[in-house]
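Before any comments, here is the structure.
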Amino acid sequence: SIISITMTAEPRDHRVMIETPEKVYIFPLNQCFEIHICNEFFRSLDLNNHFEIKFERYSQYETLISKINDYLIKQG
């Protein structure tokens, strides 16, 4: 199960961190293929019924990740 999902947005160093009880996963988001890989991970969680998983800009993606995090916390 996922404990938390956060996004860091340092200049030229955007990444998503996903923390589970066993491990922390880091998805860099600096190139298109990296964003695609992160999107595929979120889609693998069957979140498509609740969220439109897509990247438009970093601020939008950060909001999406925050909403996904809140949703997963509520789901337990």
Side-chain angles (χ1 to χ4, degrees):
S1 68
I2 294 175
I3 295 173
S4 70
I5 302 173
T6 57
M7 180 174 165
T8 61
E10 300 296 324
R12 288 179 274 198
D13 185 23
H14 301 280
R15 68 180 84 171
V16 171
M17 287 195 329
I18 300 170
E19 183 180 354
T20 69
E22 301 84 28
K23 195 172 181 180
V24 174
Y25 299 89
I26 299 174
F27 291 90
L29 301 174
N30 299 308
Q31 298 182 21
C32 293
F33 79 93
E34 294 170 329
I35 294 167
H36 173 75
I37 291 168
C38 191
N39 284 346
E40 290 301 307
F41 174 81
F42 286 130
R43 289 183 184 115
S44 77
L45 299 176
D46 292 326
L47 298 172
N48 289 332
N49 292 335
H50 305 283
F51 303 98
E52 185 176 3
I53 308 295
K54 68 177 185 175
F55 178 91
E56 294 173 352
R57 60 191 177 286
Y58 286 110
S59 60
Q60 168 269 334
Y61 207 63
E62 188 170 18
T63 300
L64 172 65
I65 289 167
S66 178
K67 289 178 180 179
I68 290 171
N69 184 58
D70 293 345
Y71 172 79
L72 292 174
I73 288 171
K74 288 178 186 172
Q75 296 302 307

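One-based numbering along the sequence shown.
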Check your understanding: Hey, any chance F33 and I26 share a hydrophobic cluster, counting ILVMFWY side chains that come within less than 4.5 Å of each other, even indirectly?
Key -> no
Practice item. Return the minimal non-hydrogen interatomic distance between Y61 and I35, and the atom names on each side. Key: OH-O, 4.1 Å
Point to revise | Shortest non-hydrogen contact between I3 and P21, atoms and distance | key: CD1-N, 3.6 Å
Show me the side-chain donor-acceptor pairs of residues 62-76 shorter than 3.5 Å, one per line, residues at least two apart or across chains.
residue, atom, partner, partner atom, Å
T63, OG1, S59, O, 3.2
N69, OD1, I5, N, 2.8
Y71, OH, H50, NE2, 2.8

Exercise for review: Taking the side chain as every heavy atom from C-beta outward, state whether F41 and I18 have any pair of such atoms under 4.5 Å apart.
Suggested key: yes
Study note, to complete from the structure: To the nearest 0.5 Å, atom CD1 of I37 lies from atom SG of C32 at 11.5 Å
Check your understanding: Would a 4.5 Å heavy-atom cut-off, applied to side chains only, mark Y58 and L29 as touching?
Key -> yes
Check your understanding: salt bridge (charged side-chain N to carboxylate O under 4.0 Å, His left out): which pairs involve residues 41-51, sequence neighbours left out?
Key -> E40-R43
Review point. What distance separates F55 CZ from N39 CG, expressed to the nearest 0.5 Å?
Key: 9.0 Å
Practice item. Please round to the nearest 0.5 Å and tell me the distance separating atom CE of M17 and atom OG1 of T6. Key: 4.0 Å
**Study point:** Heavy-atom side-chain proximity of D13 to T8 below 4.5 angstrom
**Key:** no
Exercise for review: Dump the intermediate steps for salt bridge (charged side-chain N to carboxylate O under 4.0 Å, His left out) on E10 and R12, then the final yes or no.
Suggested key: CA-CA 6 Å; E10 300 296 324; R12 288 179 274 198; over 6 Å; no
**Study point:** Where E56 and Q60 come nearest, the two heavy atoms and their spacing
**Key:** N-OE1, 2.7 Å
Check your understanding: Is the shortest heavy-atom distance from the side chain of L45 to the side chain of F51 under 4.5 Å?
Key -> no
**Study point:** Gap between atom CZ of R15 and atom CG of N30 - 0.5 Å precision
**Key:** 8.0 Å
